[in-house]
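Pasting a structure here, questions to come.
Values reported hereafter were calculated over all heavy atoms of this structure, with side chains retained and with hydrogens, waters and symmetry mates removed. Atoms within each ligand, like the ligands themselves, are counted from 1 in listed order.
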Amino acid sequence: MAQEFFESLVACIRKDAEAHPGQSIDPEVLREFMGGAHSTPENAAAAPRPTPTQTPLPSPRPAPVSATPRSIPRPIPAPAPFPGREQPQNARIAPAPVAMESIHSLDELHPAVLACSRCPLAATRHNVVFGEGDPHAKLMFIGEGPGYDEDMQGRPFVGRAGQLLDKMIAAMQFKREEVYIANVVKCRPPGNRVPSPDEAAACIGYLKKQIALIRPEVIVLLGATAVNFLLGKREGITRLRGKWLGYDGIPVMPTFHPAFLLRQESAKREAWADLQQVMKVFGKVYRRQG
Ligand code: URA
(Lines give C-alpha, C1' and ligand atoms only; values in the text may rest on other atoms or scores of the structure.)
Protein backbone atom coordinates (compact mmCIF):
# COMPACT_ATOMS: atom_id res chain seq x y z
CA MET A 1 0.00 0.00 0.00
CA ALA A 2 2.71 2.44 1.05
CA GLN A 3 4.76 1.47 -2.00
CA GLU A 4 1.77 1.96 -4.29
CA PHE A 5 1.06 5.36 -2.74
CA PHE A 6 4.71 6.36 -3.07
CA GLU A 7 4.85 5.33 -6.72
CA SER A 8 1.67 7.17 -7.67
CA LEU A 9 3.05 10.30 -6.06
CA VAL A 10 6.33 10.05 -7.90
CA ALA A 11 4.40 9.68 -11.16
CA CYS A 12 2.36 12.78 -10.39
CA ILE A 13 5.39 14.85 -9.57
CA ARG A 14 7.18 13.74 -12.75
CA LYS A 15 4.13 14.79 -14.76
CA ASP A 16 4.04 18.14 -13.05
CA ALA A 17 7.75 18.66 -13.59
CA GLU A 18 7.42 17.89 -17.30
CA ALA A 19 4.48 20.23 -17.64
CA HIS A 20 6.20 23.09 -15.84
CA PRO A 21 9.93 23.05 -16.43
CA GLY A 22 12.05 25.69 -14.79
CA GLN A 23 10.17 25.99 -11.51
CA SER A 24 11.30 24.15 -8.49
CA ILE A 25 10.96 23.81 -4.77
CA ASP A 26 13.53 22.64 -2.33
CA PRO A 27 12.54 19.01 -1.63
CA GLU A 28 13.56 19.54 1.97
CA VAL A 29 10.77 22.08 2.40
CA LEU A 30 8.17 19.72 1.07
CA ARG A 31 9.60 16.86 3.10
CA GLU A 32 9.13 19.05 6.15
CA PHE A 33 5.45 19.55 5.39
CA MET A 34 4.74 16.00 4.38
CA GLY A 35 6.99 14.72 7.20
CA GLY A 36 6.14 11.83 9.49
CA ALA A 37 7.08 8.19 9.57
CA HIS A 38 5.07 7.12 6.54
CA SER A 39 5.63 9.96 4.17
CA THR A 40 8.25 11.28 1.85
CA PRO A 41 8.54 14.43 -0.24
CA GLU A 42 7.02 12.42 -3.03
CA ASN A 43 3.74 12.52 -1.14
CA ALA A 44 3.10 15.64 -3.14
CA ALA A 45 0.40 14.04 -5.23
CA ALA A 46 -1.86 16.15 -7.32
CA ALA A 47 -5.44 15.08 -6.69
CA PRO A 48 -8.04 15.80 -9.37
CA ARG A 49 -8.50 19.52 -9.55
CA PRO A 50 -12.04 20.82 -9.71
CA THR A 51 -12.61 23.90 -11.80
CA PRO A 52 -13.28 27.12 -9.89
CA THR A 53 -16.92 28.01 -10.20
CA GLN A 54 -18.12 30.85 -8.02
CA THR A 55 -15.35 33.42 -8.20
CA PRO A 56 -13.03 34.08 -11.12
CA LEU A 57 -9.40 33.42 -10.32
CA PRO A 58 -6.91 36.24 -10.64
CA SER A 59 -3.98 35.85 -13.01
CA PRO A 60 -1.36 34.40 -12.13
CA ARG A 61 8.00 36.35 11.48
CA PRO A 62 9.56 33.37 11.91
CA ALA A 63 7.43 31.40 14.35
CA PRO A 64 8.88 31.63 17.81
CA VAL A 65 9.48 28.51 19.82
CA SER A 66 6.42 28.39 22.01
CA ALA A 67 7.59 28.59 25.56
CA THR A 68 5.36 26.79 28.00
CA PRO A 69 5.10 28.95 31.07
CA ARG A 70 5.80 27.27 34.40
CA SER A 71 2.58 28.55 35.82
CA ILE A 72 -0.45 29.59 33.86
CA PRO A 73 -0.80 33.36 34.05
CA ARG A 74 -4.19 34.70 34.95
CA PRO A 75 -6.22 36.11 32.09
CA ILE A 76 -6.00 39.84 31.57
CA PRO A 77 -9.41 41.20 32.57
CA ALA A 78 -11.29 42.41 29.54
CA PRO A 79 -12.42 46.01 29.54
CA ALA A 80 -16.09 46.71 30.01
CA PRO A 81 -18.12 47.11 26.82
CA PHE A 82 -17.87 50.59 25.39
CA PRO A 83 -20.89 52.67 26.28
CA GLY A 84 -22.93 54.49 23.70
CA ARG A 85 -22.53 52.08 20.82
CA GLU A 86 -25.29 50.53 18.82
CA GLN A 87 -26.85 47.43 20.32
CA PRO A 88 -26.47 44.41 18.06
CA GLN A 89 -29.59 42.52 17.01
CA ASN A 90 -28.61 39.51 19.06
CA ALA A 91 -29.09 40.68 22.62
CA ARG A 92 -26.54 38.17 23.92
CA ILE A 93 -23.75 39.90 22.01
CA ALA A 94 -22.35 43.09 23.50
CA PRO A 95 -21.81 46.07 21.22
CA ALA A 96 -18.58 46.40 19.21
CA PRO A 97 -15.99 48.73 20.76
CA VAL A 98 -16.04 50.93 17.65
CA ALA A 99 -18.10 51.21 14.50
CA MET A 100 -16.41 49.18 11.75
CA GLU A 101 -17.22 51.86 9.13
CA SER A 102 -14.95 54.32 10.94
CA ILE A 103 -11.94 52.01 10.62
CA HIS A 104 -9.66 52.30 7.61
CA SER A 105 -6.56 50.29 8.47
CA LEU A 106 -5.45 47.22 10.39
CA ASP A 107 -3.59 49.55 12.74
CA GLU A 108 -6.89 51.20 13.62
CA LEU A 109 -8.72 47.90 13.91
CA HIS A 110 -6.14 46.29 16.18
CA PRO A 111 -6.77 48.35 19.35
CA ALA A 112 -10.53 48.01 18.86
CA VAL A 113 -10.22 44.23 18.86
CA LEU A 114 -7.86 44.31 21.85
CA ALA A 115 -10.56 46.23 23.73
CA CYS A 116 -13.33 43.84 22.77
CA SER A 117 -15.52 42.21 25.38
CA ARG A 118 -18.47 41.34 23.18
CA CYS A 119 -18.66 37.71 24.18
CA PRO A 120 -17.80 35.54 27.19
CA LEU A 121 -14.45 34.48 25.70
CA ALA A 122 -13.10 37.87 26.78
CA ALA A 123 -13.35 36.78 30.40
CA THR A 124 -11.08 33.76 30.04
CA ARG A 125 -8.55 34.92 27.47
CA HIS A 126 -4.96 35.80 28.31
CA ASN A 127 -4.43 37.67 25.07
CA VAL A 128 -6.46 38.71 22.10
CA VAL A 129 -5.00 37.09 18.98
CA PHE A 130 -5.64 39.73 16.34
CA GLY A 131 -3.77 38.13 13.44
CA GLU A 132 -0.49 38.95 11.78
CA GLY A 133 1.36 39.21 8.52
CA ASP A 134 1.69 41.51 5.54
CA PRO A 135 -1.19 44.02 5.54
CA HIS A 136 -0.99 43.88 1.73
CA ALA A 137 -0.73 40.09 1.55
CA LYS A 138 -1.88 38.37 -1.64
CA LEU A 139 -2.58 35.22 0.30
CA MET A 140 -4.53 34.95 3.54
CA PHE A 141 -5.00 31.93 5.80
CA ILE A 142 -7.95 31.78 8.17
CA GLY A 143 -8.20 29.31 11.03
CA GLU A 144 -10.72 28.66 13.75
CA GLY A 145 -9.46 30.37 16.88
CA PRO A 146 -6.47 30.61 19.20
CA GLY A 147 -5.33 27.58 21.12
CA TYR A 148 -3.26 27.52 24.30
CA ASP A 149 0.02 28.75 22.78
CA GLU A 150 -1.67 31.44 20.73
CA ASP A 151 -3.62 32.66 23.78
CA MET A 152 -0.39 32.85 25.78
CA GLN A 153 1.58 34.63 23.07
CA GLY A 154 -1.12 36.73 21.42
CA ARG A 155 -0.08 35.47 17.99
CA PRO A 156 -1.91 33.15 15.57
CA PHE A 157 -0.71 29.65 14.74
CA VAL A 158 2.38 29.46 16.92
CA GLY A 159 1.73 26.06 18.51
CA ARG A 160 2.10 22.64 16.92
CA ALA A 161 -0.57 23.30 14.31
CA GLY A 162 1.18 26.58 13.60
CA GLN A 163 4.47 24.85 13.01
CA LEU A 164 2.76 22.66 10.46
CA LEU A 165 1.11 25.69 8.88
CA ASP A 166 4.57 27.25 8.57
CA LYS A 167 5.67 24.17 6.64
CA MET A 168 2.60 24.34 4.42
CA ILE A 169 3.32 28.00 3.67
CA ALA A 170 6.97 27.24 2.91
CA ALA A 171 6.00 24.30 0.68
CA MET A 172 3.79 26.75 -1.23
CA GLN A 173 6.91 28.87 -1.81
CA PHE A 174 5.74 31.72 0.39
CA LYS A 175 7.30 33.16 3.52
CA ARG A 176 5.16 33.43 6.63
CA GLU A 177 5.70 37.18 6.76
CA GLU A 178 4.44 37.54 3.17
CA VAL A 179 1.00 36.13 3.95
CA TYR A 180 -1.64 37.16 6.49
CA ILE A 181 -2.88 34.75 9.14
CA ALA A 182 -6.09 35.28 11.11
CA ASN A 183 -8.84 33.36 12.85
CA VAL A 184 -12.63 33.37 13.03
CA VAL A 185 -12.51 34.18 16.75
CA LYS A 186 -9.77 36.26 18.31
CA CYS A 187 -9.98 34.82 21.82
CA ARG A 188 -9.37 31.25 22.87
CA PRO A 189 -12.45 29.11 23.47
CA PRO A 190 -11.72 27.29 26.77
CA GLY A 191 -10.41 23.79 26.24
CA ASN A 192 -9.95 24.54 22.53
CA ARG A 193 -13.59 23.79 21.85
CA VAL A 194 -15.20 24.97 18.63
CA PRO A 195 -16.45 28.56 19.02
CA SER A 196 -20.20 28.77 19.57
CA PRO A 197 -22.36 30.47 16.93
CA ASP A 198 -22.81 33.45 19.30
CA GLU A 199 -19.06 33.79 19.85
CA ALA A 200 -18.40 33.55 16.13
CA ALA A 201 -21.18 36.06 15.40
CA ALA A 202 -19.65 38.50 17.89
CA CYS A 203 -16.22 38.23 16.26
CA ILE A 204 -16.78 37.63 12.57
CA GLY A 205 -17.13 41.35 11.84
CA TYR A 206 -13.47 41.80 12.81
CA LEU A 207 -12.39 39.07 10.40
CA LYS A 208 -14.54 40.51 7.62
CA LYS A 209 -12.99 43.91 8.24
CA GLN A 210 -9.51 42.37 8.10
CA ILE A 211 -10.37 40.78 4.75
CA ALA A 212 -11.84 44.04 3.45
CA LEU A 213 -8.71 45.96 4.45
CA ILE A 214 -6.20 43.40 3.14
CA ARG A 215 -8.14 42.37 0.00
CA PRO A 216 -5.99 39.29 -0.61
CA GLU A 217 -6.02 37.63 -4.03
CA VAL A 218 -6.79 34.25 -2.49
CA ILE A 219 -8.04 33.07 0.90
CA VAL A 220 -7.27 29.61 2.25
CA LEU A 221 -9.80 28.50 4.85
CA LEU A 222 -8.35 26.03 7.31
CA GLY A 223 -11.01 23.60 8.49
CA ALA A 224 -14.76 23.44 8.69
CA THR A 225 -15.22 26.17 11.32
CA ALA A 226 -13.72 28.82 9.08
CA VAL A 227 -15.82 27.68 6.12
CA ASN A 228 -18.99 27.40 8.19
CA PHE A 229 -18.75 30.80 9.85
CA LEU A 230 -17.28 32.88 7.02
CA LEU A 231 -19.29 31.37 4.18
CA GLY A 232 -22.27 29.97 6.05
CA LYS A 233 -21.66 26.51 4.60
CA ARG A 234 -23.03 23.59 6.54
CA GLU A 235 -21.16 20.73 4.87
CA GLY A 236 -18.09 19.13 6.40
CA ILE A 237 -14.59 20.01 5.27
CA THR A 238 -14.13 16.61 3.60
CA ARG A 239 -16.85 17.55 1.10
CA LEU A 240 -15.85 21.19 0.76
CA ARG A 241 -12.08 20.97 0.50
CA GLY A 242 -10.33 21.28 -2.82
CA LYS A 243 -13.20 23.13 -4.52
CA TRP A 244 -12.98 26.83 -5.21
CA LEU A 245 -15.53 28.95 -3.39
CA GLY A 246 -15.73 32.71 -3.12
CA TYR A 247 -16.06 35.43 -0.52
CA ASP A 248 -16.79 39.01 -1.59
CA GLY A 249 -15.26 38.37 -5.01
CA ILE A 250 -12.14 36.73 -3.58
CA PRO A 251 -11.40 33.11 -4.54
CA VAL A 252 -11.47 30.87 -1.48
CA MET A 253 -9.86 27.45 -1.18
CA PRO A 254 -11.05 25.36 1.77
CA THR A 255 -8.67 22.72 3.04
CA PHE A 256 -8.00 20.65 6.12
CA HIS A 257 -6.95 22.39 9.33
CA PRO A 258 -3.30 21.71 10.24
CA ALA A 259 -4.41 20.37 13.64
CA PHE A 260 -6.42 17.74 11.80
CA LEU A 261 -3.43 16.96 9.58
CA LEU A 262 -1.34 16.35 12.69
CA ARG A 263 -3.80 13.65 13.73
CA GLN A 264 -4.50 12.35 10.24
CA GLU A 265 -1.21 12.28 8.37
CA SER A 266 -2.74 10.58 5.34
CA ALA A 267 -4.91 13.67 4.69
CA LYS A 268 -1.79 15.72 3.93
CA ARG A 269 -1.87 14.36 0.41
CA GLU A 270 -5.26 15.99 -0.23
CA ALA A 271 -4.26 19.17 1.57
CA TRP A 272 -1.18 19.41 -0.62
CA ALA A 273 -3.33 19.02 -3.72
CA ASP A 274 -5.52 21.89 -2.47
CA LEU A 275 -2.51 24.08 -1.77
CA GLN A 276 -1.09 23.36 -5.21
CA GLN A 277 -4.26 24.76 -6.73
CA VAL A 278 -3.62 27.96 -4.82
CA MET A 279 0.03 27.98 -5.88
CA LYS A 280 -1.03 27.84 -9.52
CA VAL A 281 -2.98 31.07 -9.11
CA PHE A 282 0.33 32.71 -8.23
CA GLY A 283 2.22 30.96 -11.01
CA LYS A 284 4.02 28.71 -8.55
CA VAL A 285 4.26 25.06 -9.41
CA TYR A 286 5.87 22.28 -7.49
CA ARG A 287 8.61 20.30 -9.08
CA ARG A 288 11.48 18.50 -7.55
CA GLN A 289 14.89 20.02 -7.88
CA GLY A 290 17.61 18.25 -9.82
N1 URA B 1 -5.73 26.77 15.48
C2 URA B 1 -6.37 27.79 14.90
O3 URA B 1 -7.42 27.61 14.28
N4 URA B 1 -5.85 28.99 14.99
C5 URA B 1 -4.71 29.25 15.63
O6 URA B 1 -4.29 30.40 15.66
C7 URA B 1 -4.05 28.16 16.23
C8 URA B 1 -4.58 26.93 16.14
Checklist entry - Is the side chain of K186 donor-acceptor paired with the backbone N or O of V128 at a distance under 3.5 Å, no angle test? => result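 The answer is no, because no donor-acceptor pair under 3.5 Å joins these two groups.
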
Item to check | Atoms in ligand 1 flagged as close to G143, the criterion being non-hydrogen separation under 4.0 Å | outcome: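 Heavy-atom distances to G143 below 4.0 Å select 3 (O).
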
Item to check | CA sep, side-chain torsions, deciding dist, call: K243, Q277, side-chain hydrogen bond (donor to acceptor under 3.5 Å, both in side chains) | outcome: CA-CA 9 Å; K243 302 185 184 87; Q277 293 197 68; over 6 Å; no

Checklist entry - Does ligand 1 have a heavy atom under 4.0 Å from the side chain of E144, from its backbone, from both, or from neither? => result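 Looking at E144 and ligand 1, atoms from backbone and side chain both fall under 4.0 Å.
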
Checklist entry - Any N/O of F157 closer than 3.5 Å to an N/O of ligand 1? => result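 It does: an N or O of F157 is found under 3.5 Å from an N or O of ligand 1.
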
Next on the checklist: Main chain of Q173, side chain of K284: is a donor-acceptor contact present, judged purely on distance under 3.5 Å?
Outcome noted: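 Side chain of K284 to backbone of Q173: a pair is present.
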
Checklist entry - Within a radius of less than 6.0 Å around CZ of R239, do more than 12 heavy atoms belonging to other residues, nucleotides or ligands occur? => result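 No, because the 6.0 Å sphere around CZ of R239 holds 12 heavy atoms or fewer from other groups.
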
Checklist entry - Any donor-acceptor pair under 3.5 Å linking the side chain of R118 with the backbone of A202? => result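 Indeed, once roles are kept as given, a pair shorter than 3.5 Å links the two residues.
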
Item to check | Top protein contact for atom 2 (C) of ligand 1, by heavy-atom distance | outcome: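 Checked against all protein heavy atoms, atom 2 (C) of ligand 1 sits closest to G145 O, 3.0 Å.
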
Next on the checklist: Would H257 count as a contact residue for ligand 1, given that I'm defining contact as a non-hydrogen atom of the residue lying under 4.0 Å from a ligand atom?
Outcome noted: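 A heavy atom of H257 does come that close to ligand 1.
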
Checklist entry - Hey, looking at atom 4 (N) of ligand 1, which of V194, N183, D149 has the closest heavy atom? => result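 Residue with the shortest heavy-atom distance to the ligand atom: N183.
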
